[in-house]
Amino acid sequence: DDGRAGGKLDDLEAHARAMLYILAVATGLRRGELASLSVKSFRLDAEPATVRVGARDTKSGRDAVPPILEV
């Protein structure tokens, strides 16, 4: 456990872990950034769909709003 919310990656069921890996590839987000996400982080109605990561959870210290690319 890296101390962030979301717990260990190993604790996820196989399907949930696979979806997390796909989201990582589709957005370029790091493990800690992925762990910080909640339902409110996603804008699936945007074109393209995006996900917001707050500044405190990014490596750069700035808000990040990457598009969710089709993979």
(message) Between V53 and S41, does the side-chain contact (heavy atoms from CB on, under 4.5 Å) criterion hold? Intermediate values first, please.
(response) CA-CA 7 Å; V53 182; S41 303; over 6 Å; no
(request) Please list, chain by chain and in numerical order, all residues satisfying side chain to side chain contact (heavy atoms under 4.5 Å, CB included) with I22, sequence neighbours excluded. (result) M19, V71
(request) Provide the closest heavy-atom pair for G61 versus A55 in the form atom of the first, atom of the second, distance. (result) O-CB, 3.2 Å
(message) Please list all pairs meeting side chain to side chain donor-acceptor pair (under 3.5 Å) that have one or both residues in residues 61-71, counting only residues at least two apart or in different chains.
(response) R52-D63
(request) Could you tell me the separation between the CD atom of E33 and the OG atom of S60, rounded to the nearest 0.5 Å? (result) 7.5 Å
(request) Applying side-chain contact (heavy atoms from CB on, under 4.5 Å), run through L37 and L23 and close with a yes or a no. (result) CA-CA 11 Å; L37 300 179; L23 183 61; 3.9 Å; yes
(request) Not counting sequence neighbours, list each pair that qualifies as a salt bridge (Lys or Arg N to Asp or Glu O under 4.0 Å) and has a residue in residues 41-50. (result) R43-D45
(request) Flag the pair T50 / I68 as yes when at least one side-chain heavy-atom distance between them is below 4.5 Å, and no otherwise. (result) no
(message) Just to verify, what does A18 make a side chain to side chain contact (heavy atoms under 4.5 Å, CB included) with, not counting sequence neighbours?
(response) none
(request) Give the cluster check for L69 versus L20: same hydrophobic cluster or not, with ILVMFWY residues linked at side-chain heavy-atom distances below 4.5 Å. (result) no
(message) List the residues meeting side chain to side chain contact (heavy atoms under 4.5 Å, CB included) with P66, not counting sequence neighbours, and say none if there are none.
(response) T27, L29, V51, A64
